[in-house]
Amino acid sequence: MASEKNLAVGIDIGGTGIKGGIVDLGRGELVSDRIKVSTPAGAQPDDILLAVRTVLDTLGVADSDYPLGVAFPAIVKNGRTRSAANVSDRWIDFPAEEFFEKGLGRDIHFANDADVAGVAELRFGAAKDAVGLTILTTLGTGIGSAMIYDSTLIPNSELGHLQRAKHGKDAEAYAAYSAMERDSLDWEEWAARLQWYYRHVEFLFSPDLFIVGGGVSKHADKFLHLLDLKTPIVPAVHRNNAGIIGAAALSLGAAPQLADTVTGA
Ligand code: BGC
């Protein structure tokens, strides 16, 4: 059984689902069920707050003293959300951290969803001991990115919004997992889009390692071998739980430098 003082709660807010769990920060593993509710239509602040409360209630931790980390799919700078790609525009320049703290009646640690997934993989997964530049991408409703250079996260990289010149659209509109579902692509067809995306990122940044996260990373065997890149590309060890684990890890007092880095403070 995990020691109580190693436990923290992570909430990962996404464009499609809001997930949460209790995490043993010693081992970097979930010690509770993974609770998921749908992201309310329109993704307005009050509705998301309510959904987060439901997740905390279901986990039985609404009134607990466990540290709480919350991850959100937007640029996060000094506790404010600065963008809104797959959520309501009300989140643009919104004091989100304060809003959740007031609404939940407790302190939280707040950061970008892909950045915290990067922190989870750095502390407990595929980016542990990686040297040079690691780029983690989450393939979901959008494409999130975490850039890690020699174990230091460079927050808010937003590589899902690289422009695809051919269509004048964001890369995520073309190559996210949601694009595969929307356009009813098979694995080969989707992999062709990913090939363009990762080649482009590879050309721009010459990384040493790509890590692929998001829900679809559990099917990595269906598409990663179809990609032809110079850079090694591996699935996130924590698959779609990396966001929950990373959000919880943010609140780890023993590594405050990670928390400071990831929130862009
Ligand atoms: C957002 C990012 C987020 C990513 C994955 C993008 O649309 O701009 O902040 O990390 O989706 O959720």
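The first residue of the sequence shown is numbered 1, and numbering continues consecutively from there. Read the numbers this way: they start at 1 and go in the same order the structure lists the ligands and their atoms. The structure presented is a predicted model; accordingly, all values stated were derived computationally and were not measured.
Atom OG in Ser64 sits 9.5 Å away from atom CG in Leu7 (nearest 0.5 Å). Here the straight-line distance linking atom NZ of Lys19 with atom CD1 of Ile11 works out to 11.0 Å at 0.5 Å rounding.
Put simply, Leu50 and Val70 are part of two different groups of oily side chains (I, L, V, M, F, W, Y) that touch within less than 4.5 Å, one to the next.
Phe223 pairs in a ring-ring contact (aromatic ring centres under 6.0 Å, His included) with only one of the listed residues (Tyr197, Tyr177, Tyr198, Trp190), which is Trp190.
In this structure a side-chain-to-backbone donor-acceptor pair under 3.5 Å is missing from Arg164 to Lys169.
The shortest side-chain heavy-atom distance between Val116 and Leu250 falls under the 4.5 Å cut-off.
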Identify all pairs of nitrogen or oxygen atoms, one from ligand 1 and one from the protein, separated by less than 3.5 Å, and list them with distances.
unit_1	atom_1	unit_2	atom_2	d
ligand 1	7 (O)	Asn86	ND2	3.3
ligand 1	7 (O)	His161	NE2	3.3
ligand 1	7 (O)	Glu172	OE1	2.8
ligand 1	7 (O)	Glu172	OE2	3.0
ligand 1	8 (O)	Glu158	OE1	2.7
ligand 1	8 (O)	His161	NE2	2.7
ligand 1	9 (O)	Ala74	N	3.2
ligand 1	9 (O)	Asn112	ND2	3.0
ligand 1	9 (O)	Glu158	OE1	3.4
ligand 1	9 (O)	Glu158	OE2	2.6
ligand 1	10 (O)	Asn112	ND2	3.3
ligand 1	10 (O)	Asp113	OD1	2.5
ligand 1	12 (O)	Asp113	OD2	2.6

